[in-house]
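Okay, so here's the structure we're looking at.
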Amino acid sequence: MSQTTPQDSFSNRRNIMWVLLSGAMALLFIVMLFLPGASQSDSMLSVYSAMIWCGLFGATLFRYWNKNGWVGFAAGSVVGLVIQFTSQMFT
């Protein structure tokens, strides 16, 4: 049985904890976009927060899959931008 040090768990690409944490934060900001009164969905801050957190989730997910994290960040940012535009239609 191999034991990992705290430094190994931080740099380990296969650590599922980073995927879960970034996914939870992305989900929080996405839900806030669709709840009336939870955030100002017309502010630039909501656009940036959705893009950043979805991008970080995409990056960690792609790194978990041993793919390029920058491609995952770009894909996640585009998804966050589309979700933000979609939330404008429903709120």
Side-chain angles (χ1 to χ4, degrees):
M1 178 181 282
S2 67
Q3 292 185 348
T4 60
T5 63
Q7 292 83 12
D8 292 340
S9 64
F10 182 74
S11 63
N12 184 8
R13 289 177 175 246
R14 300 292 294 175
N15 190 355
I16 191 70
M17 189 56 62
W18 295 111
V19 177
L20 295 175
L21 288 174
S22 62
M25 287 301 294
L27 185 63
L28 172 75
F29 279 99
I30 289 169
V31 167
M32 285 179 62
L33 285 174
F34 288 95
L35 290 177
S39 69
Q40 294 179 348
S41 59
D42 58 345
S43 70
M44 287 305 292
L45 183 62
S46 65
V47 175
Y48 292 139
S49 64
M51 288 179 67
I52 293 274
W53 284 109
C54 289
L56 287 174
F57 175 64
T60 57
L61 191 62
F62 271 51
R63 283 178 52 103
Y64 183 76
W65 290 336
N66 287 326
K67 306 287 184 199
N68 189 351
W70 288 108
V71 173
F73 184 82
S77 294
V78 169
V79 168
L81 184 66
V82 168
I83 289 172
Q84 200 278 336
F85 286 151
T86 305
S87 74
Q88 293 294 312
M89 290 186 271
F90 294 109
T91 57

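Below, each value reflects all heavy atoms present in this structure, side chains not excepted, and no hydrogens, waters or symmetry copies.
Looking only at side-chain heavy atoms (C-beta outward), Cys54 and Val78 stay at 4.5 Å or farther from each other. The closest side-chain heavy-atom distance from Ile83 to Phe34 is below 4.5 Å.
Follow the hydrophobic side-chain contacts under 4.5 Å out from Val79 and you never reach Leu61; the two are in separate clusters.
Of all heavy-atom pairs between Ile16 and Tyr64, the closest is CD1-CZ, 3.8 Å. Leu33 approaches Gln84 most closely through the heavy-atom pair CD1-CA, 4.0 Å.
Between the OG atom in Ser87 and the CE atom in Met32 there is a gap of 11.5 Å [rounded to 0.5 Å]. Taken from CD1 in Ile30 to CH2 in Trp53, the straight-line distance is 12.0 Å, to the nearest 0.5 Å. Between Phe57 atom CZ and Trp18 atom CH2 the span is 15.0 Å, to the nearest 0.5 Å. Separation of atoms CG (Asn15) and CG (Leu20) is listed at 9.0 Å; rounding is to 0.5 Å.
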Given side chain to side chain contact (heavy atoms under 4.5 Å, CB included), test Arg63 with Lys67 step by step and report yes or no. CA-CA 5 Å; Arg63 283 178 52 103; Lys67 306 287 184 199; over 6 Å; no
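Evaluation of the side chain to side chain donor-acceptor pair (under 3.5 Å) test over residues 20-33, restricted to residues two or more places apart or in two chains, returns Ser22-Thr60. The list of side chain to side chain donor-acceptor pair (under 3.5 Å) pairs with a residue in residues 69-78, not counting sequence neighbours, is empty.
Taking Ala59 as the reference, Phe73 meet the side-chain contact (heavy atoms from CB on, under 4.5 Å) condition, with sequence neighbours excluded.
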